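Below is one structure, written out as structure tokens; comments come after it.
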Number of protein chains: 2
Amino acid sequence: MSDLIYSAKIPEPALRRLPWYLSYVKLLKSQGETIVSSTQIAKKIDVSASQIAKDLSYVDISGKTRVGYDIDDLINVLESFLGFTNTHTAVVFGVGSLGAALLSDSGLEQFGLKIIAGYDVNPAIVNHAIHHIPVFHSNEFIERNKEMKAEIGVLTVPPGAAQEVSEYMIRGGVKAIWNFTPFRIRVPEGTVLQNTSLYAHLAVMFNRLNG
Amino acid sequence: MSDLIYSAKIPEPALRRLPWYLSYVKLLKSQGETIVSSTQIAKKIDVSASQIAKDLSYVDISGKTRVGYDIDDLINVLESFLGFTNTHTAVVFGVGSLGAALLSDSGLEQFGLKIIAGYDVNPAIVNHAIHHIPVFHSNEFIERNKEMKAEIGVLTVPPGAAQEVSEYMIRGGVKAIWNFTPFRIRVPEGTVLQNTSLYAHLAVMFNRLNG
DNA sequence: TAGATTGTTAATCGATTAACAATC
DNA sequence: TAGATTGTTAATCGATTAACAATC
């Protein structure tokens, strides 16, 4: 008798496919289309039609038999389901090349991630701004985040510092960590962890290239 | 009677975990350790010991019963298995904020990815260099790549251009595409495709934050 | 009505987990 | 020898695929 009955938890692989559908129907919309069927999506992006149907069943949308889905509806429902219409505030720890690029990437804000500050220990960048976003000394985070209240911590520090910095961010009130380091950090129950290691993806690509 | 008998194909989830083990044992090495057991890794990075054992069984390494693995051996074997000791040449299509960051990230070269050129259509950046890597006009790619022979194409263009640009890169001889756009591109049989959409990872994180 | 599509239910497939044998 | 560890084999779990009923 839990509320799991009402919202079946979507499996992660399915969740990761939804942005593909969104991206494709946005393209269709820009071409003036108004209706799309799952079989049509299936052919274009190389995912089986039954998988698309199954994935969309987790989302609150209903298509019309023999017709398909209304493109505007589908875009709205997917964007809202994926959290792209809300604003989530974030800080970036480690303003090296990747961290700085994330500060500069205005695309992220369109997808609901608003970076409000960077933190680093390098005097050459502390107290400067990148793309109008201030960079502070890491020591100041806990004090500053009492007001700023960033919800998400983006982790782009060297791997050796990853675990320590993540714990520091959590002490400062962060509820989720987006980990770009190759290091597998551990977080307490209740903290969300998203690993995005470019090196792991490189490894998969290299392996498939040789096999 | 195929050679699949000799090299069991490693599942992708397992392949993505191997860099975690590598990262952790490199940390141990930097702390002066010489031996590590899978149970020790398990505790520290929150992966079950049996999964680590299973994952390592795909790799050509053998541990010593009652002792564990030699750290230097494990690092060498993992780095070589993951392709980090080879040099793979790459070009980056789309030198926006993310593309430029990849050109600037010297970390990638340490993991076996050597970016030899950027390509874009924006006159403001074409024929300049970023971090000593030249940026050319996209039109010149096919001609230039006859000599440069980049093996991997990194795709950081706007989603609407993703499919078209990927086909162009493949015509130019690229064997694998590292796709950073949220668009699900289709590639011919035999071309390796690695999707790394930051937005998909954002979506997973947002979903888990709310749930 | 016939046919195309949605969307659910059942079957299959593959990865993870658990149990345990082998080893030093 | 006793105990800790590797590494394999079997059981479980969950996602994908296939079949098909419902619908317009």
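Here is the naming used below: chain letters follow the sequence lines, and residue numbers restart at 1 for every chain. This one's a predicted model, so the numbers in the text were calculated from it and none came from an experiment.
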* To do: Quick one: do A:Phe93 and A:Ser138 satisfy side-chain contact (heavy atoms from CB on, under 4.5 Å)? Show the steps, please.
  => CA-CA 8 Å; A:Phe93 260 78; A:Ser138 300; 3.9 Å; yes

* Are B:Ser197 and B:Asn195 close enough that a side-chain donor and a side-chain acceptor fall under 3.5 Å? -> no

* Asked: Going by atom types alone, do B:His201 and A:Thr196 pair a side-chain donor with an acceptor below 3.5 Å?
  -> yes

* Structure fact -> Out of C:dG7, C:dA15, C:dA4, minimum distance to the side chain of A:Thr65 belongs to C:dA4

* Can you figure out which of C:dT8, C:dT6, D:dT6 approaches the side chain of B:Thr39 most closely? => D:dT6

* Hey, which of B:Phe111, B:Trp20, B:Phe84 is the one that makes ring-ring contact (aromatic ring centres under 6.0 Å, His included) with A:Tyr199? -> B:Phe111

* With both distances under 3.5 angstrom, what nucleotide forms a Watson-Crick or G-U wobble pair with C:dG14? -> D:dC13

* Given that both distances must come in under 3.5 Å, which nucleotide forms a Watson-Crick or G-U wobble pair with D:dG7? -> C:dC20

* Asked: Hey, which of these two, A:Lys54 or A:Val36, hits DNA chain C nearer its 5' end, going by closest nucleotide?
  -> A:Val36

* Structure fact -> Ranking A:Ser38 and A:Arg66 by the position along DNA chain C of their nearest nucleotide, the one closer to 5' is A:Arg66

* To the nearest angstrom, how far is A:Gln51 atom CD from C:dT8 atom P? -> 16 Å

* **Rounded distance in Å - CG (A:Asp73) to P (C:dT6)** => 14 Å

* Asked: How is A:Ser50 classified with respect to the nucleic acid when contacts are heavy atoms under 4.0 Å: base, sugar-phosphate, or nothing?
  -> base

